[in-house]
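Heads up: the structure comes next, in structure tokens.
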Amino acid sequence: MAEKRCPNCGNPVPQGSKFCNHCGCVLTAEIVCPNCKSTIPADSAFCPACRTAITPGTAQAAATQQEGKKSKGVLKYFVCAAIAAFIGLVVVRTLFFTGHPDEPTAADVEVTDIDAGRYNDVFNNALIKNNLKNDGDKIAYACPVKNVTTGEVDKLIGVTYLSDASHSFYKIFTLTLNGQEWDIKLNNQKYVDGYNLIFDPKSLRAEEIPAVVDIQGKRYMFFAYACVPSNEESGKITTVYFDIDAQKEIRQVDFYGTLMRDMDGQMILKCNSVPVGTGILDNELIKRARSIGMLHVPTEEELAREKAEQERLEAEKAEQEAELAAQQAADEQRFESGEEVKVEAQQVDKNTPLFRAEDFSKKIKGGGYTVFMLKNGKVFAFSKSTNSTFEVHFGGGSAIDIGFEDSGAGIVNIRTSSGKVQYNLGSKTMRKVE
């Protein structure tokens, strides 16, 4: 079967398609049968419903009649659209001039999820067609922009990004409608090395991203993204205003702090201070970031509670350390007098290699334990019953020799430069012998 191609863009289309899946061009014209009034393909020789012969004259007449109906429908559509556009313009103008003069105003761009997907497809196809998708970057946004005169979308601002802690960047493109085609231009590429980038509005607290914003008569695209250092919670959120008409990145403000999840599971930034803007755009970026809940700036009360909690924890830690020091001092006195004292054995992760065979100078076995004396003077014991290893704490300096006092009971003699210590591997207690 011969491959079917679109007469408008020339791309291949599936058999049976009524519209081109690349440019939307109508592929199959239809007419009305002059006898039975059935809708049939325009190139029919006979009506498939009543077998009436369709001559070029009757086909042309039927097509003209059909086009007349369509023209009336289109005219009706444009009249309705013009009325709706006029009402929308009045509403927007009223809201703009009666709103607070310091607040940014969103342009009248309402895009459904279906439209957003279509604009992403347009953006993606333009990238591929112009060989602009070779870096492995992904599409972040395809923001539609309406013509201020016609109210129709004739421009897209697209953002792609690559998220890699060692080499991250984003690119801004402008797509302009030229007849049935979209001309694409790379406006800016910015490297953000050292961070993983998050553009997804579903992950980032950014319901109003991207947005077309009007500030003092100029249109900007507002977008934002999170910068997350590898294996760290602290990071930043960057907010950007892109000048739509001048087609260049115009301003950005960075907010630093701790990235965390809110109750909805979306990522927000907890920052103790907000940067001070140096101009109108900076201040608008700061207000917009705060108004959509992207930032959490603690109040004076919250900061006071956090400070009090931190002081409480520090005082509790100091008290515990003082109690431990006092206990150690008492144990040292009892130890020096020959009493048996309890020793907190330092447990070692069994999955972490402690030493190699050539690292220890002596090894003894007995009572379900294997005891190692290392060349650096440390002593470790392995328990067969618990399948765990722990460091033996005996005090008095580095070990110079080890041996069992009672292998069945797991009592080890440890010789040091200052004397001999007996260590009970089972009870984790020790006493000074010499």
Q.
Is the distance from the ring center of F222 to that of Y241 below 6.0 Å?
A. yes
Q: May I ask you to say whether E339 pairs ionically with R334, meaning some side-chain N is under 4.0 Å from a carboxylate O?
A: yes
Q. With distance as the sole criterion, is a donor-acceptor pair present between the side chains of N124 and K133 under 3.5 Å?
A. yes
Q. With a distance cut-off below 6.0 Å to the six-membered ring centre and an angular limit of 45° from the axis, does K138 pair with F199 as a cation-pi contact?
A. no
**Q.** Side chain S168, main chain Y195, donor-acceptor under 3.5 Å
**A.** yes
Q. Thinking salt bridges, do D135 and K171 make one under a 4.0 Å N-O criterion?
A. yes
Q) When you check the gap from the basic side-chain N to the acidic O, do D245 and K218 get nearer than 4.0 Å? A) no
**Q.** Geometric class of the F223/Y225 ring pair [parallel <30°, tilted 30-60°, perpendicular >60°]
**A.** parallel
Q.
Strictly distance-based, threshold 3.5 Å: is any side-chain N or O of D406 a donor or acceptor partner for the main-chain N or O of G408?
A. yes
Q | Test: K317 and E314 ion pair at under 4.0 Å | A | no
Q | Test log, rule ring pair (Phe, Tyr, Trp, His ring centres under 6.0 Å), inputs Y161 and Y170 | A | CA-CA 4 Å; Y161 70 101; Y170 69 85; 9.2 Å; no
Q: Mark yes or no for whether N120, through its side chain, and Y141, through its backbone, hold a donor-acceptor pair below 3.5 Å.
A: no
Q: Measure from the side-chain N and O atoms of K362 to the backbone N and O of I402, and report whether any donor-acceptor pair falls under 3.5 Å.
A: yes
Q: Taking side-chain contact (heavy atoms from CB on, under 4.5 Å) as the test, write out the residues that go with A246, two or more places apart.
A: D243, K248
Q.
I'd like to check the ring pair (Phe, Tyr, Trp, His ring centres under 6.0 Å) partners of F404; sequence neighbours left out, ordered by chain and number.
A. none
Q | SB check E336 K432 (cutoff 4.0 Å) | A | yes
**Q.** Test item: T429 side-chain N/O and K342 main-chain N/O as donor-acceptor pair under 3.5 Å
**A.** no
